[in-house]
Amino acid sequence: MIARVIVDVPTRATDRPFDYSIPAEMEGWVEIGSRVGVPFGGRVLQGFVIGIAPFADIDVKRLKPIAELLDHIPPLSPDLVELAQWISEKYCCPWTTALQVMIPAALKGKADSVVTLSEEALEDEAGLLLEDAEPWFQYIRQHGEVRLALLQERFPGAAAGIKAAIQRGTLLEEVSIRDRLKVRKVLTVFPPENEAAVLAELAASSSRAAKQQEAARYMLENPEPISLAALAQALSTTTGTIRGAAEKGWLSIRETEQRRDPYAGRGFKRTEPLPLTEGQQAVYDEIAETLDNEASRVFLLHGVTGSGKTEVYLQAIARCLEDERQAIVLVPEIALTPQMVERFKGRFGDAVAVMHSRLSNGERYDEWRKIREGRAEVVVGARSAVFAPFKRVGLIIIDEEHESSYKQEESPKYHARDVAVQRAKQHHAIVILGSATPSLESFAAASASRSQQESQAGASSSAKRGATLLPMPERVAGRPLPKVHLIDMRDELKGGNRSMFSRQLHEALLLRLERGEQSVLLLNRRGYSTFVMCRSCGYTAQCPHCDISLTYHQKSKVLRCHYCGHSEQAPEKCPSCESEHIRFFGTGTQRVEEELAKLFPGIRVIRMDVDTTTEKGSHEKWLTMFGDRQADVLLGTQMVAKGLDFPYVTLVGVIAADTSLHLPDFRAAEKTFQLLTQVAGRAGRHELPGEVIVQTYNPEHYAITSAQHHDYSAFVQEELKHRRFMAYPPFCRLILVTLSHEQLALLISEGEKLASTLRDLARAAGIKSSDDGDGSRFIDILGPVASPIPRMKDRYRFQCMIKYRGNVGAADLLKQAISLLSGSNGQPPVTMSVDVDPQVIL
Ligand code: ADP
Ligand code: ZN
Ligand code: ZN
């Protein structure tokens, strides 16, 4: 047999399968999705097997054999390999880049697997198990723990049997990636061996060492081993006290290896399904019916904030699990707070795996294995959890589907929403896109399919390709949406108020302080930044390698470039005019915090922004503190707008609503509307009614007035008019090509060549080059023009934008054009980076 291998060299020239022969001793072990080492250009490279075929007419002798098998259980399944191919085609990225993004970082080196007998097999003395007759099984029985590599060597031909035994759970596979991951050892408390004696001793003991006695009693009542730190915390005592109890023999402390479960010992409170409201029930019924039919379909759950979307998700997941299918829940990275995780762990307990970027590599790898080995049935995670290695996916939920963090900004530049739809097709699964403010793309897809369904009764199969709209326009229990007041900041200035707080917001904050209620303050960070400016001559500090302002870090008094990492000491005098009037503008939130302290002496503020949340776990810490009402105000950037649910928050203030409104990005209005609606939704979610105060300089702008009236459809109507007029998505699609090189002249000429080659190819294919406004297909090539950041890391940057509609094969044309411009090494002379469906135009 031969294996077709994608080698891990992300260039266009190597972006195709290479054939290798499978040596006899690997026969049966090598599968689609296996990671292998193969000889390539004099080296051994890592690669993935993406196909296996019989020799047929290939000359056997010319093929090199696979050099080594890197893991004995393939990390990818055939459906994921296929999905990777789809990603590489859709997003114009090398196949290997798409394959690599699917596996945890910890799995990049060689994994050494061992197998042991499961408990069931150990107890099977009568030899009733299927495998008992097998010599390899007896070998494991004799040796206890055996490396898979050794089994492969000793028992060629046993691959299928061994893998099946692992699948059945008769054998347990342990992967040790020893050099990469340190096993975590923790001190764990166990109950005493001799319970009766300790009980008697405790009874006889005086009130002396009361805390130690408490620890001992706790362990007798809760014999589950618990980490020393967790026990100390649970009993509000020190670890020293517990060690003291151990010295008396009242309990025992031993070092144990810890499975890295980031949420272990958290003790999530179990929740039962709530009786659904009428609105939830209607939506749930439709989802449940489709789940039962195992049809692949996309739902757009458009539910206002507080409409109870999460309960619908939970019950849909339960339905999916009943059918022994698994569920993937994607939430924006920033919203992956313990609050969110708790809702899923509370309902499904240990069956939930959690994946986000703040986990260590080891923790992530353990969660991934939990999924692959079937110990988890639900994953809650950020973007990349869409690749969770479940065998039968029934449901993929994307909460806050409009969030731009679902788009990965480095290669592969995939959008988790589109990947989810594709993966759902493979598994006959359904996708639920949930949002109070759906992206215009998703909303348009849903409306298109609805009008199509209306026009062709009986819903043809083509109509099913779009999304089905499921509206939930009301909050649970008839709670009103909060009242939103707009404050025109121009009037404030006219009235002599130069503070960043309007009089109304000031008063509203005072009132909350008096009543002991909480407030959330949002500073729309985009547009604000931390920079250095000379007040005399207007000098701003720029990165010497990138055309971008340096950012001032107050703590270290250092200026840093966010793109290349260049850093320098903050100057004391203006380097340009020597004036002393050089000012460092701290983050917007820092300034607001200072102002709050001045205006409201004694106010307790938690500030959440990039500066205060870099440490692992800090995000959680702040939110827990706020939830425990240890602060009056939660002040922050976009971070505070997402998914938080605190019962005592009755005021939401938006300090500057429109800083994001005038950014040169066609989604500026949409982003502003979404942000305002989301943050307004944080108020009054429980019994206490909520109030929202939005300060703005553009009180007539439709993005702001629609948010004020919670009127999504008014916003969409107006926004769609603009998009249609300007021919922007959803009326067309975009591909952004960024070219970069050290030499400006070469860059410009290559940019011109790319644009003209694309235009020639489109003309040859008979595709119109401009939009007639009649909805027909076209492809328009804009540029090249200098990128919004024209130089980065000493490289100049130019861009071309491809605008197209309909099935014009834009990605293929682009690939052709790039290969026409490529030299003998298979690469174009300047770097070309492709972003399909870009989210960030800036
Ligand atoms: P959304 O995600 O749509 O903003 P949530 O799912 O957070 O809304 O629900 C808002 C609140 O309503 C939560 O506190 C939730 O516990 C509560 N809730 C949801 N469904 C029900 C129900 N059927 N009965 C009672 N309370 C509910
Ligand atoms: Zn100056
Ligand atoms: Zn720089």
Side-chain angles (χ1 to χ4, degrees), residues 269 271-285 300-318 329-332 335 337 339-344 346-347 380 397-403 432-438 470-482 531 540-552 558-568 627 641-649 652 674 677-688 690 710 712 740 787 789-797:
K269 213 175 16 175
T271 63
E272 291 301 320
L274 295 170
L276 295 178
T277 65
E278 222 170 281
Q280 286 172 323
Q281 189 70 47
V283 163
Y284 171 78
D285 288 343
L300 177 58
L301 176 53
H302 178 204
V304 298
T305 57
S307 58
K309 293 187 285 294
T310 312
E311 188 60 35
V312 172
Y313 299 156
L314 290 168
Q315 301 201 14
I317 294 169
V329 184
L330 303 187
V331 301
T337 58
Q339 250 193 346
M340 195 68 183
V341 171
E342 197 176 321
R343 295 170 92 168
F344 291 89
R347 190 67 57 88
V380 181
I397 292 166
I398 305 188
D399 191 33
E400 313 280 10
E401 68 86 29
H402 60 274
E403 275 289 319
I432 305 177
L433 307 174
S435 176
T437 52
L470 301 173
M472 291 208 299
E474 260 136 52
R475 278 190 162 181
V476 167
R479 281 171 204 145
L481 284 161
F531 60 104
T540 55
Q542 298 270 321
C543 174
H545 312 286
C546 314
D547 283 339
I548 190 115
S549 302
L550 292 172
T551 304
Y552 177 55
V558 153
L559 302 177
R560 187 163 288 130
C561 171
H562 273 221
Y563 288 99
C564 72
H566 166 87
S567 70
E568 56 186 65
K642 312 265 153 42
L644 308 181
D645 194 5
F646 295 111
Y648 291 96
V649 171
V652 168
Q674 286 165 348
T677 307
Q678 292 295 331
V679 71
R682 299 307 116 212
R685 294 167 68 84
H686 296 261
E687 278 75 37
L688 297 170
H710 309 287
Y712 177 77
S740 63
S787 295
I789 299 165
R791 194 170 54 118
M792 209 188 274
K793 299 180 197 173
D794 290 320
R795 296 169 68 89
Y796 293 96
R797 292 151 47 87

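In this chain, residues are counted from 1 in sequence order. Atoms within each ligand, like the ligands themselves, are counted from 1 in listed order.
Of all the heavy atoms in Cys543 and Arg791, the pair that sits closest is O-NH2, 4.2 Å. Closest heavy-atom contact between Ala680 and Pro482: O-CG, 3.3 Å.
The protein heavy atom nearest to atom 2 (O) of ligand 1 is Thr310 OG1, 3.5 Å. The shortest contact between atom 14 (O) of ligand 1 and any protein heavy atom is with Asp645 OD2, 3.5 Å. Protein heavy atom nearest atom 21 (C) of ligand 1, with residue, atom name and distance: Leu274 CD1, 3.4 Å. For atom 25 (C) of ligand 1, the closest non-hydrogen atom on the protein side is Val476 CG1, 3.8 Å. Protein heavy atom at the shortest distance from atom 7 (O) of ligand 1 is Arg685 NH2, 2.8 Å. In terms of protein heavy-atom proximity, atom 11 (C) of ligand 1 is nearest to Arg479 NH1, 4.3 Å.
When Glu311, Met340, Gln280 are ranked by how near their heavy atoms come to atom 23 (N) of ligand 1, first place goes to Gln280. When the heavy-atom distances from atom 4 (O) of ligand 1 to Gly279, Gly308, Gly303, Gly306 are ranked, the shortest goes to Gly306.
With Ser435 as reference, His402 is the one residue of His402, Glu401, Gln678 to meet the side chain to side chain donor-acceptor pair (under 3.5 Å) rule.
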Under the criterion side-chain contact (heavy atoms from CB on, under 4.5 Å), I'd like the reasoning laid out for Arg347 against Gln315: C-alpha separation, chi angles, the key distance, then a yes or no. CA-CA 9 Å; Arg347 190 67 57 88; Gln315 301 201 14; 4.3 Å; yes

Could you give me the CA-CA distance, side-chain angles and deciding distance for Glu311 and Thr277, then say whether side-chain contact (heavy atoms from CB on, under 4.5 Å) is met? CA-CA 10 Å; Glu311 188 60 35; Thr277 65; over 6 Å; no

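Ligand 1 has at least one atom lying under 4.0 Å from a heavy atom of Val304. In this structure, Arg343 has a heavy atom closer than 4.0 Å to ligand 1.
With 2.8 Å as the limit, His566 does not count as an N, O or S neighbour of the Zn ion (ligand 3).
For Pro275, a nitrogen or oxygen atom sits less than 3.5 Å from a nitrogen or oxygen atom of ligand 1, counting backbone and side chain alike.
Numbered from 1 in the order shown, with element, the atoms of ligand 1 that lie under 4.0 Å from a heavy atom of Thr277 read 23 (N). Atoms of ligand 1 found under 4.0 Å from any heavy atom of Thr305, numbered from 1 in the order shown, are 4 (O).
Around OH of Tyr648, the count of heavy atoms belonging to other residues, nucleotides or ligands within 6.0 Å does not exceed 12. Atom CD of Glu474 has 12 or fewer heavy atoms from other residues, nucleotides or ligands within 6.0 Å.
Only the backbone of Leu276 comes within 4.0 Å of ligand 1, counting heavy atoms alone; no side-chain atom from C-beta on gets that close.
Using a 4.5 Å cut-off on side-chain heavy atoms (C-beta onward), Tyr712 and Val304 make no contact. Side-chain atoms of Asp399 and Met340, non-hydrogen and from C-beta on, do get closer than 4.5 Å to each other. Within the 4.5 Å cutoff, side-chain heavy atoms of Val476 are placed close to those of Gln280.
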